[in-house]
2 protein chains.
Amino acid sequence: MSSLTHPMQLILTLVKTHNQALKPLENTLSVHGLSFTEWLVLHRLSQSSDHTIKRVSLADSIGVTASGVTRLLLPMEKVGWVERVANARDARVSLVRLTHGGLEAYQQATQSIEYAAERVTNMMNQQQVEQCMGLLSSLHLSAIDASQLS
Amino acid sequence: MSSLTHPMQLILTLVKTHNQALKPLENTLSVHGLSFTEWLVLHRLSQSSDHTIKRVSLADSIGVTASGVTRLLLPMEKVGWVERVANARDARVSLVRLTHGGLEAYQQATQSIEYAAERVTNMMNQQQVEQCMGLLSSLHLSAIDASQLS
DNA sequence: GCATAATACTTTACTACTCAAGTATTATGC
DNA sequence: GCATAATACTTGAGTAGTAAAGTATTATGC
């Protein structure tokens, strides 16, 4: 019926699962006035030393472009979750720092999203969750590898 | 360091893998003048009886809204890959049919995307691919379940 | 030290959607 | 059979990004 190769079937499953799994998490975050990408920003900042990071590094680690970060941070600065910090050594770079308010928003949103993530994985036991993570990681590495060839 | 729950770590891995894995496939398809979503349309049509399907069913099966389908099909009709077919019994519905040209485009693009998918999974053996698919499917089912609660 | 290149952004124009409202048609209850 | 609701779309307005070009600053080769 399908007649697609197994790797291609895996991709289709990956895409469908991604879309389905993300929806409830985004709904949960929207209560906190946060998009998933914004939560990623707060998460990344929360684990940086000094809660501060270069904008390009942030872009890289959350998987958006530099211009994406510019647009993403604008409203977050206005709300006061993050602030702009200049770099004395290099006037080109401007750092982003998580504010106290931003950390609090992150901690509250994280409680909600983790609970939602638990509901979304309710049919899996912990071993399956870890196994799935491992398999996805090796797929992830292959993908990086493959994209460098083309 | 991360201090996130395992389910949440799985979600992060899922998102990252999804984005990384899709890029090479989209690059491959772009050679054929096709986006990934458009390939999904052709794929879905190719496995429908008579190569024909209702627009809402199509929307559902590829994971976009009805209005998304309208916008998606417009250029595909112009290029001649699909055509609009009226339904005699119900004037509300308009069906989409894969044309001969559309089928040819699909078959060629599928050869490329399947090859790309193989490269993207080159670090996994067939057993791992199938296992990963199975785990993602159970995650998928949980997600549907969870979204119905909220 | 000075031209050229590279880096770190920002801005402009675009794409690919979404949601909500609008239109047309068919189904349902009484 | 006629009002009300439901269904199947389409359209208008908005969102979340991208890619390419622009600006400012720093690094590199000679």
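Below, chain A is the first sequence line, B the second, and so on; all start at residue 1. This structure is a prediction, so every number in the text was calculated from the model and none was measured.
Checking D:dT10, D:dT25, C:dA13 against the side-chain heavy atoms of A:A91 singles out D:dT25 as nearest. Of all nucleotides listed (D:dA8, D:dG17, D:dA27), D:dA8 comes nearest to the side chain of B:V56. Closest to the side chain of A:R55, from the set D:dG17, D:dA8, C:dT10, is C:dT10. When each of C:dT26, D:dA19, D:dC9 is scored by its nearest atom to the side-chain atoms of B:R92, the top-ranked nucleotide is C:dT26. Out of C:dA8, C:dC17, C:dT10, the shortest distance to the side chain of A:A66 is found at C:dT10. Proximity note for B:R71 (side chain, C-beta onward) versus C:dT10, D:dG12, D:dA6: the nearest is D:dG12.
Using a 4.0 Å heavy-atom distance criterion, A:V69 is classed as making no nucleic acid contact. In this structure, A:S35 reaches neither bases nor backbone, as no heavy-atom distance under 4.0 Å exists between it and the strands shown.
The aromatic rings of B:H18 and A:H18 sit parallel, their planes meeting at an angle under 30°, below the 60° perpendicular limit.
With sequence neighbours excluded, the residues that form a side-chain hydrogen bond (donor to acceptor under 3.5 Å, both in side chains) with B:H32 are B:S112. With sequence neighbours excluded, no residue forms a side-chain hydrogen bond (donor to acceptor under 3.5 Å, both in side chains) with A:T37.
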Please convert DNA chain C into dot-bracket. A pair counts if it is Watson-Crick or G-U wobble with both distances under 3.5 Å; crossing pairs go in [ ] and bases paired with another strand get |.
||||||||||||||||||||||||||||||
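Here the side chains of A:L136 and B:C132 are in contact, with some heavy-atom distance below 4.5 Å.
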